[in-house]
Structure formats: structure tokens, C-alpha cells
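All heavy atoms count here, side chains included; hydrogens, waters and symmetry mates do not. The first residue in the sequence is number 1, and the count goes up from there.
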Amino acid sequence: MNKPLRTMACMLVVVMLVIAGCGNANTSSKAESSENTVLNASGAKESDKDSGMRKVKTAMGEVEVPVHPERVIVNWYVGDVFTLGIKPVAINAYAQETMPFYDKFEGIPILEKWESEEILSYNPDLIITYDPKDYESFSKLAPVLVVPEENVSSTERLLFLGEATGHESEAKQAIAAFEEKLMKAKEKLTDGIFKEKTFSILEDWGRESYGVMYETGSRGGTLLYDYIGLHMPKKLEDLVKESGNGRNSLSYEVASEYFGDYVLWFLKDDYQSEYAKSVVWETIPAVKNGNIIQIPGKYAGLFYYSDVASMTAQLDYIVDQLVMLEK
């Protein structure tokens with residue numbers, strides 16, 4: 001298509017979107033006055049089915065979304081969307097083979113640019129994102145559901161998205177399966193030899209790079225600390241509290257002071273840890289006691305996200321590894 005024709009086509013799409021928006025606004029105003037309007041637990045108002053739209057209370061205010069969205073574009077929360085049984089028309093996300101939902105990526109385009117023109121080319125009827133800036137940028141293209149990461153837990157987010165998209169049952173089923181597995185894991189990891197033990201999540205990037213990185217949210221941190229309820233070593237806990245950084249670097253000179261009784265030690269592909277070859281390594285109690293869980297670089301995808309499906313798979317992996325240490 002030449003440039004003039006492409007410009008005319010884009011203008012036509014924008015006009016059609018504006019007209020559709022006006023129509024939806026009229027429908028929603030009628031629905032709000034209807035005695036049949038229902039406010040559910042997530043704050044979603046389901047209007048009469050003929051409208052095809054519902055209002056949802058979000059971090060950005062009330063947003064009107066399709067009752068049954070069919071052309072969803074998702075930014076970051078891809079695990080949640082897959083868990084709900086939704087196949088997006090496009091995603092802004094990272095895919096890796098050890099993710100528990102890796103097979104779901106097949107046939108779904110990964111956006112090269114998170115920009116209006118590329119998003120509009122997929123004609124979305126709903127955009128799901130973590131970033132409040134996306135609301136201002138894209139709400140004229142399609143309804144935008146913003147769920148900031150810091151405001152809700154992983155289970156709360158999945159339930160909210162399930163209710164907002166008409167997939168509440170799928171959300172509840174996934175959460176129930178996770179919580180059942182979590183309860184059993186807590187019994188193992190908060191008693192016996194693990195009782196009152198501390199846990200660190202660390203990765204060596206090299207002396208000339210970032211040194212040893214600590215993690216408290218990604219790399220399984222959300223699961224370990226927020227859901228299982230395991231504890232960081234006191235020094236690491238104080239550092240996180242004082243600095244406000246849940247992820248940062250430690251120099252080789254001080255890194256040993258932040259090792260817990262047990263350590264999830266993430267390895268990098270094609271890199272042998274300099275720190276693990278240093279003289280201080282063998283003096284660290286967790287190393288001497290054989291309490292280092294080495295996680296190969298190929299499992300980067302498994303620990304990349306903190307959605308319910310990812311945490312369920314992470315739980316299996318971590319429990320299996322810790323049980324092996326117990327033997």
C-alpha cells in the first residue's frame with residue numbers, strides 16, 4: 001500500500017473507532033441506570049448482555065471493556081492471559097522454553113515496538129498492561145486495563161483479570177491449584193530442618209560487571225518471600241529496607257555477608273562464576289553445609305515471571321531441590 005492510501009486507511013480506522021466509542025458511551029449510560037446492573041467483587045459492572053460491554057474499576061478509574069474480548073494485546077502479563085485461556089492476537093513479552101506455558105506462544109506475534117501504529121495494526125478490542133503510561137498512550141485505540149505490579153498480588157491480579165474478561169472460573173481454578181500446592185510446600189519449608197532458616201537469591205555477574213546480584217522479587221523472590229513466607233538474612237533484609245531496592249549488586253568484598261542458610265544460586269549460560277572460584281567461597285557457611293541450590297541458565301524462563309502459573313512451576317522445582325538437599 002502506498003503512503004497516501006495508507007494514511008487514508010489509518011484515518012478511516014480512527015474515525016470508525018471514535019464512532020464506536022460514542023456508541024459504547026451511550027450504551028453504558030443506559031446500563032448504569034438499569035436496575036439489572038451488578039457490581040461484582042472486582043468492581044466490574046456487568047450491563048445487560050445486549051450491550052456487549054461492562055464497566056471495570058481500575059487503577060486509572062472506570063474503564064468500559066468487552067464482556068467477551070476476542071482480540072487481546074497484552075504487555076508483560078502474558079502468563080495470566082494464557083492461564084485464563086485467552087489467546088492474544090499479539091504480545092509484548094519474553095518467551096523462553098522453560099516457561100510452563102511456552103507452548104502457548106506458538107503462532108502469536110511478539111511486537112517489535114510497543115507503539116500505537118503497531119498495536120493498531122492488530123485491531124485490538126482490549127489491551128492489558130502493567131504500565132499506567134499505556135492508558136494515556138493507547139486508550140484511544142482500545143480499552144486499556146492497567147494493573148500496576150506494586151498494587152496487587154499475583155493471585156489478586158489473576159482473579160481481577162479473570163473477572164474483567166469473563167474468565168473468572170479459570171482464574172479461580174488456577175489459584176485453587178496453586179494454593180493447595182503452596183500449603184503443602186509451607187508445611188515442608190517452614191518446619192523440620194528448614195525451620196527459622198534464611199534464604200537468599202543470588203547471581204554472579206563477574207567482578208568487572210555487577211558483582212553478585214541479589215533478588216527479592218524476580219528469580220522466584222515473590223514466591224519465596226511473599227507466598228511461602230521464608231526469610232532473608234537480617235543483613236539483606238536491612239539493606240533492602242534502607243535502600244528501597246529489591247534487586248541490586250553486591251561487591252565481591254561484601255557479598256558473603258548476604259548469603260542465607262540456603263541460597264538459590266543462579267548460573268549464567270556460557271559463564272563460570274568467578275566468585276565461586278574465589279577463596280572466600282569455601283568459607284561461606286551455606287557452601288560448607290552443601291546448601292547451595294544451583295539453578296542452570298537454561299531455567300531463566302522458569303523464574304522470569306511471577307504469575308500464578310510460573311510460581312506453581314517454580315514451587316515444584318524449588319521443593320524438589322530442597323528435598324534433595326534434605327536427604
Side-chain angles (χ1 to χ4, degrees), residues 76 78-79 91-103 105 110 112 149 197-225 228 230 232-233 235-237 239-240 243-307 309-325:
W76 184 251
V78 62
I91 58 176
N92 186 43
Y94 168 60
Q96 200 266 355
E97 61 185 4
T98 57
M99 292 176 180
F101 39 73
Y102 179 66
D103 60 319
F105 284 97
I110 296 178
E112 294 183 9
E149 284 189 290
K197 298 297 184 182
T198 58
F199 289 76
S200 299
I201 302 172
L202 303 168
E203 182 174 2
D204 180 22
W205 283 68
R207 181 185 291 275
E208 302 304 320
S209 182
Y210 295 102
V212 175
M213 299 290 298
Y214 69 83
E215 303 273 4
T216 62
S218 59
R219 299 289 196 278
T222 297
L223 174 65
L224 259 66
Y225 303 126
I228 300 177
L230 300 176
M232 305 174 204
K235 189 151 187 170
L236 179 57
E237 186 178 353
L239 175 62
V240 172
S243 67
N245 292 322
R247 177 181 189 269
N248 214 333
S249 61
L250 303 164
S251 70
Y252 274 17
E253 286 70 30
V254 302
S256 63
E257 301 172 21
Y258 297 88
F259 275 59
D261 298 311
Y262 291 85
V263 176
L264 270 62
W265 183 249
F266 281 82
L267 305 176
K268 295 166 65 67
D269 284 332
D270 303 320
Y271 171 76
Q272 291 192 350
S273 170
E274 295 176 49
Y275 191 69
K277 295 178 181 179
S278 66
V279 292
V280 72
W281 178 259
E282 296 298 332
T283 69
I284 299 171
V287 176
K288 291 194 292 185
N289 294 330
N291 292 341
I292 304 292
I293 299 175
Q294 295 195 18
I295 301 178
K298 69 178 183 178
Y299 289 109
L302 173 60
F303 288 90
Y304 190 78
Y305 294 112
S306 297
D307 59 273
S310 292
M311 289 197 300
T312 302
Q314 291 165 17
L315 196 55
D316 286 335
Y317 185 94
I318 291 171
V319 169
D320 286 348
Q321 294 298 312
L322 286 171
V323 167
M324 288 175 62
L325 291 182

S.K.: Among side-chain atoms of Asn245 and Tyr214, is any donor-acceptor pair under 3.5 angstrom?
M.R.: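 There is no such pair (donor and acceptor under 3.5 Å, judged by atom type) between the side chains of Asn245 and Tyr214.
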S.K.: Does Gly217 offer a backbone N or O that forms a donor-acceptor pair with the side chain of Thr222 under 3.5 Å?
M.R.: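 A pair under 3.5 Å: yes.
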S.K.: Look up atom CD1 in Ile318 and atom CD1 in Ile201, then write down how far apart they are to the nearest 0.5 Å.
M.R.: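 These two atoms lie 7.0 Å from each other.
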S.K.: Anything under 30° is parallel, anything over 60° is perpendicular, the rest tilted; go ahead and classify Phe266 against Phe303.
M.R.: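 Perpendicular.
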S.K.: Can you tell me how far apart CG (Leu239) and CG (Leu250) are? Round to the nearest 0.5 Å.
M.R.: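 The distance works out to 6.5 Å.
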S.K.: Could you please spell out the steps behind the side-chain contact (heavy atoms from CB on, under 4.5 Å) verdict for Leu264 and Arg219?
M.R.: CA-CA 9 Å; Leu264 270 62; Arg219 299 289 196 278; over 6 Å; no
S.K.: Keeping the roles fixed (side chain from Gln314, backbone from Tyr305), state whether a donor-acceptor pair exists under 3.5 Å.
M.R.: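 Yes; judged by distance alone, with no hydrogens or angles, the pair exists.
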S.K.: With rounding to the nearest 0.5 Å, note down the distance linking CG in Asp316 to CE in Met311.
M.R.: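 So the gap between those two atoms works out to 12.5 Å.
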S.K.: Kindly compute the distance separating OH (Tyr299) from CD (Glu97), expressed to the nearest 0.5 Å.
M.R.: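 That separation rounds to 10.0 Å.
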S.K.: Would you name the heavy atoms of Tyr317 and Gln294 that are closest together and state the gap between them?
M.R.: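 Closest pair (atom of Tyr317, atom of Gln294, distance): OH-O, 4.0 Å.
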S.K.: What orientation do Trp281 and Trp265 show, parallel under 30°, tilted 30 to 60°, or perpendicular over 60°?
M.R.: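 Taking Trp265 first and then Trp281, their aromatic rings sit tilted (interplane angle of 30° to 60°).
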S.K.: Quick check for you: to the nearest 0.5 Å, what is the distance between Tyr252 atom OH and Tyr275 atom OH?
M.R.: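 OH of Tyr275 is found 8.5 Å from OH of Tyr252.
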S.K.: Of all the heavy-atom pairs spanning Tyr210 and Met213, show the shortest one and how long it is.
M.R.: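 Closest approach of Tyr210 to Met213: CB-SD, 3.5 Å.
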S.K.: With a 3.5 Å distance limit and no angle check, can you tell me whether Gln96 reaches the backbone of Lys298 through a side-chain donor-acceptor pair?
M.R.: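 Between the backbone of Lys298 and the side chain of Gln96 there is a qualifying donor-acceptor contact (under 3.5 Å).
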S.K.: Once rounded to the nearest 0.5 Å, what's the spacing between atom CG of Asp103 and atom CZ of Phe105?
M.R.: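 The distance works out to 9.5 Å.
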S.K.: Between Glu257 and Lys235, does a salt bridge (Lys or Arg N to Asp or Glu O under 4.0 Å) hold up when you go through it step by step?
M.R.: CA-CA 7 Å; Glu257 301 172 21; Lys235 189 151 187 170; 2.5 Å; yes
S.K.: Taking distance alone, no hydrogens or angles, what donor-acceptor pairs closer than 3.5 Å link side-chain atoms of residues 282-292 to residues at least two apart or in another chain?
M.R.:
{"from": "Thr283", "atom 1": "OG1", "to": "Val280", "atom 2": "O", "distance (Å)": "2.6"}
{"from": "Asn289", "atom 1": "ND2", "to": "Pro285", "atom 2": "O", "distance (Å)": "3.1"}
{"from": "Asn291", "atom 1": "ND2", "to": "Asp261", "atom 2": "O", "distance (Å)": "3.3"}

S.K.: Any non-hydrogen side-chain atom of Tyr262 less than 4.5 Å from a side-chain atom of Leu325?
M.R.: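 They are in contact (side-chain heavy atoms under 4.5 Å apart), so the answer is yes.
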S.K.: Main chain of Tyr258, side chain of Ser200: is a donor-acceptor contact present, judged purely on distance under 3.5 Å?
M.R.: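 Checking the backbone N and O of Tyr258 against the side chain of Ser200, a donor-acceptor pair under 3.5 Å is found.
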S.K.: Evaluate whether atom OH of Tyr271 has more than 12 neighbouring non-hydrogen atoms of other residues, nucleotides or ligands under 6.0 angstrom away.
M.R.: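 Yes, the 6.0 Å shell around OH holds more than 12 heavy atoms from other groups.
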